Amino acid sequence: MPRETNAIQEDTMGRFEGKVAVVTGAGAGIGKACALAIAREGGRVVVADIDGSAAAACTAQIAAEAGHALALAIDIAEAQAVAALFDTAERHFSAVDLLVNNAGAMHLTPRDRAILDLDLAVWDETMATNLRGTLLCCRQAIPGMIARGGGAIVNMSSCQGLSGDSALTSYAASKAAMNMLSASLATQYGHAQIRCNAVAPGLIMTERLLAKLDECMQRHLRRHQLLPRVGRPEDVAALVAFLLSDDAAFITGQVVCIDGGMLAHVPTYADGGNSRAARPSAGTAEAAASPRC
Ligand SMILES: NC(=O)c1ccc[n+]([C@@H]2O[C@H](COP(=O)([O-])OP(=O)(O)OC[C@H]3O[C@@H](n4cnc5c(N)ncnc54)[C@H](O)[C@@H]3O)[C@@H](O)[C@H]2O)c1
């Protein structure tokens, strides 16, 4: 039914025409996919990243696709820099309608240990980027959104903010706090038509993560998903675009998991071979040989 397919595409194209978006950490990974997704649907995007050349490369890709974007090198943990970011966005485009607080101190996660082994500098820096940076950007965005009659914010949380782990103490605490910050913002400014939701990805295979996780580790993590593939930045970007758009006009204050089912099953699932269909039937020789059955 080609006509119907076209109709669906026309409906979903251009959801961000006339809108201005700030995406932090948009030089790479999930943030870059979000910036591209917003620009492809007509939004003008401020690509903010501590890595200025990565921000410029993302902006160049958007421009090559005939989109509109502005690259800004910024550390979101710095209050003055964040104020300057929103000033520049407003002068270059107009006041910000959409905000994606995506930047995260991913480079610190290898040093983010269990509580007694934790370097407090790692805790402070993680909180400064993930939590304080998110708060600073929200504080700059909210007044303009109120003045324009509303806006939408997505905070990039993580499954790590919903379950305990043997390490990643600071990262997990920062993401759990981002969930509550999202709920607070949704509660305090919903009357002004500002929506705020958190997105909690599971394992999303960005270029940087791919370079860090060997095949053995990837397999280990995938055993705990229900879907048999890794997540991609584009999967998260599609959810973020939905939550920013009017398609999600009545959704606010939520934490939405996008994890291939990682948190959706009983903890013993992965020990059972990861797929009931793949297990030998009870009573067979294979079952007798398998202690998991
Ligand atoms: N990849 C995953 O599996 C995964 C899972 C759950 C949540 N997340 C979250 O998604 C977000 C993006 O992760 P990613 O995997 O795409 O990471 P990434 O490292 O590929 O990209 C993060 C970007 O943020 C930028 N950045 C870091 N600190 C910054 C700062 N202080 N100011 C401005 N920019 C800064 C980096 O330069 C980088 O371009 C993070 O908040 C992360 O916690 C990722």
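As the structure lists them, so they are numbered: ligands from 1, and atoms in each ligand from 1. Since the model is a prediction, treat every value here as computed from it, not as a measurement.
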May I have the N/O to N/O pairs between ligand 1 and the protein that fall below 3.5 Å, each with atom names and distance to one decimal?
| from | atom 1 | to | atom 2 | distance (Å) |
| --- | --- | --- | --- | --- |
| ligand 1 | 1 (N) | I204 | O | 3.1 |
| ligand 1 | 3 (O) | G202 | O | 3.3 |
| ligand 1 | 3 (O) | I204 | N | 2.9 |
| ligand 1 | 3 (O) | I204 | O | 3.3 |
| ligand 1 | 16 (O) | I30 | N | 2.8 |
| ligand 1 | 19 (O) | R208 | NH1 | 3.1 |
| ligand 1 | 31 (N) | D75 | OD1 | 2.9 |
| ligand 1 | 32 (N) | I74 | O | 3.3 |
| ligand 1 | 32 (N) | I76 | N | 3.1 |
| ligand 1 | 34 (N) | I50 | N | 3.1 |
| ligand 1 | 37 (O) | D49 | OD1 | 2.6 |
| ligand 1 | 39 (O) | D49 | OD1 | 3.3 |
| ligand 1 | 39 (O) | D49 | OD2 | 2.6 |
| ligand 1 | 41 (O) | N102 | O | 2.7 |
| ligand 1 | 41 (O) | K175 | NZ | 2.9 |
| ligand 1 | 43 (O) | Y171 | OH | 2.5 |
| ligand 1 | 43 (O) | K175 | NZ | 3.0 |

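Residues in residues 80-109 take part in these salt bridge (Lys or Arg N to Asp or Glu O under 4.0 Å) pairs, two or more places apart or across chains: D97-R148. Listed by first then second residue, pairs satisfying salt bridge (Lys or Arg N to Asp or Glu O under 4.0 Å) with a partner in residues 226-242 read R229-D235, not counting sequence neighbours. Screening residues 134-147 for side chain to side chain donor-acceptor pair (under 3.5 Å) gives no qualifying pairs among residues at least two apart or on separate chains.
Rounding to the nearest 0.5 Å gives a distance of 11.0 Å between CD1 of I142 and SG of C137.
Formation of a donor-acceptor pair under 3.5 Å by the N197 side chain with backbone atoms of V154 is not found in this model. Side-chain N or O atoms of D112 include one that pairs as donor or acceptor with a backbone N or O of Y171 at under 3.5 Å.
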